[in-house]
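Structure record follows, encoded as structure tokens.
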Number of protein chains: 2
Amino acid sequence: MSLNRNVSSIASLISDPSRAAILLHLLDGRCHPAGDLAAAAGITPQTASFHLAKMAELGIVTVEKHGRHRYYRIAQASDAEMIEQLLSFAGPAPVVSLRQSDQMKKLRHARMCYDHLAGEAAVRITESLQSAGHLQKDGLQLHVTASGERFFADFGLDLPQLRKKRRAFSRCCLDWTEREHHLAGALGQGLTERMIAMDWFRREEKSRAVRITQEGKQGIAERFGIRLD
Amino acid sequence: MSLNRNVSSIASLISDPSRAAILLHLLDGRCHPAGDLAAAAGITPQTASFHLAKMAELGIVTVEKHGRHRYYRIAQASDAEMIEQLLSFAGPAPVVSLRQSDQMKKLRHARMCYDHLAGEAAVRITESLQSAGHLQKDGLQLHVTASGERFFADFGLDLPQLRKKRRAFSRCCLDWTEREHHLAGALGQGLTERMIAMDWFRREEKSRAVRITQEGKQGIAERFGIRLD
DNA sequence: TCCACATTTCGATGATAATGGAAACGTCCA
DNA sequence: TGGACGTTTCCATTATCATCGAAATGTGGA
């Protein structure tokens, strides 16, 4: 059986700790210059460049030249979700240093999962949407109810347009820190975008971590009826 | 077994061609003695033992001693599904030999996907169940309708009992040969078990392939209204 | 008790590949 | 035009690891 050729090449990308670190860093969905990725993975720029070239060749990441920088990002959402899935499969990583544990706390609290919100905040919001009857869990699917249609429209989301996108509209994504599901798909992306636009959440520089603002706490309390800190 | 499963170690399991071959072989959900797995992967027993020990340490496979044999199997259904998912992610592999292409044809036709049916037969059956209104696709979820409840009960399945199991009841599983969904979860497993019990399908020795019997063709034509060969 | 067989452990080997130093390339800026 | 900087290419080193021969372990059968 040699169906393993392709599988192996994909998996071998992630099997290297340095590449895994790079990919993990790219999971925030943003573009990153090669140097940053090298620093994030704790390797020299040469080595990072070597790995990035390999990943680009396989189509996992794409490059964009801007001046003397080269910005890398994960090519497709499906790839990012695959990596997140591997994460949930692998379970939480062992904590080594205090600094890591600190960063870990932030990530557990709220972070980007490629293009949508993840972490405790995302899980709590998703739960709230369900208990309010706006979303209905149905396996890995999160069904938008009639009241949900109104709620999201009221929130400023253009649902018909989100449905048009060539990707899953509303689905669960296993949160690897919370071990619970949070909202993903086009709806998860749209909701996250909207909340960031309203300055409820602010993305941290060079990190997947996301910070909740004062307005965010207030707004979330009003809209979702939950208190985050 | 300390599951220090970090991403890299999980991925490196699959990244090695020999281990991938072993895992692929184990995807039929059965127990296999170490020697068989070595033969399947085209490596010596020592090497296979080395790999199996590694996988057991990570908790991906479990061992069972029976006499002088040691039977290995994939520890959890969720692990198996993850591997299947990786397969669909990687896509079909290039065919090398005639023999492989022959085996491949069989696999494409009907095979076990850990504990439920996969391949063309499974996809066609799933489609038929949907167009008959017994199942309703809803994202990654396959909802059992009222008529479906009756249909499956009539088929000899104890749905309440299947629902009790600590796993997804009814869901889609991406078929990597057909690139379509087929029925998985407890319901998929139950349906497959029932059809094998009725001798509609017969599992081949030492392979994931499944053969349809004459009774099977007839029964499937009557019950599902489709013709397989 | 002895042999056959399945499997594992040990040890050595060889191939692969990650790594970083040196240097080149291109871009930005003064 | 020259120098700083981000990035890549080239290259040599090194570490890792899959592999298999040899031998050990353990089980079943005669």
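Every chain is numbered from 1 and lettered A, B, ... according to where its sequence line falls, protein lines coming before strand lines.
- Residue B/Tyr71 places none of its side-chain N or O atoms closer than 4.0 Å to OP1 or OP2 of C/dT7.
- The backbone N or O of A/Ala75 lies less than 3.5 Å from no partner atom in the side chain of A/Thr62, so there is not a single donor-acceptor pair.
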Using distance only, find each side-chain donor-acceptor pair of residues 48-59 of chain A under 3.5 Å and give its atom names and separation, not counting sequence neighbours.
| residue | atom | partner | partner atom | Å |
| --- | --- | --- | --- | --- |
| A/His51 | ND1 | A/Arg19 | NH1 | 3.1 |

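- Using cut-offs of 30° and 60° on the angle between ring planes, the pair B/His66 and B/Tyr71 is perpendicular.
- Every salt bridge (Lys or Arg N to Asp or Glu O under 4.0 Å) that A/Arg124 has, sequence neighbours left out, goes to A/Glu120.
- A/Arg68 pairs by the side chain to side chain donor-acceptor pair (under 3.5 Å) definition with nothing, not counting sequence neighbours.
- Not a single side chain to side chain donor-acceptor pair (under 3.5 Å) links B/Lys217 to another residue, sequence neighbours left out.
- With axes fitted over five pairs at each extremity, the angle between the ends of the helix from C/dT1-D/dA30 to C/dA30-D/dT1 is 20° (10° resolution).
- Along DNA chain C, the nucleotide nearest to B/Tyr72 and the one nearest to A/Gly42 differ in position, and the one closer to the 5' end is contacted by B/Tyr72.
- The nearest whole Å value for the distance from the CD atom in B/Glu64 to the C1' atom in C/dT7 is 16 Å.
- Residues passing the salt bridge (Lys or Arg N to Asp or Glu O under 4.0 Å) test with B/Arg70: none are found, sequence neighbours excluded.
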Under 3.5 Å, N/O pairs linking protein and nucleotides 16-19 of chain C:
| residue | atom | partner | partner atom | Å |
| --- | --- | --- | --- | --- |
| C/dA18 | OP1 | A/Arg19 | NH1 | 3.4 |
| C/dA18 | OP1 | A/Arg19 | NH2 | 3.1 |
| C/dA18 | OP2 | A/Lys54 | NZ | 2.9 |
| C/dT19 | OP1 | A/Ser18 | OG | 2.6 |
| C/dT19 | OP2 | A/Ser18 | OG | 3.3 |
| C/dT19 | OP2 | A/His51 | NE2 | 2.6 |

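- Looking at residues two or more places apart in sequence or on another chain, you find no side chain to side chain donor-acceptor pair (under 3.5 Å) involving A/His69.
- With sequence neighbours left out, the side chain to side chain donor-acceptor pair (under 3.5 Å) criterion links B/Asp115 to B/Arg167.
- Residues meeting the salt bridge (Lys or Arg N to Asp or Glu O under 4.0 Å) test with B/Asp199, sequence neighbours left out: B/Arg202.
- Nucleotides of DNA chain D with any atom under 4.0 Å from a heavy atom of chain A span, from 5' to 3', D/dA4 to D/dT9.
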Check: protein-nucleotides 22-30 of chain C nitrogen or oxygen pairs below 3.5 Å:
none

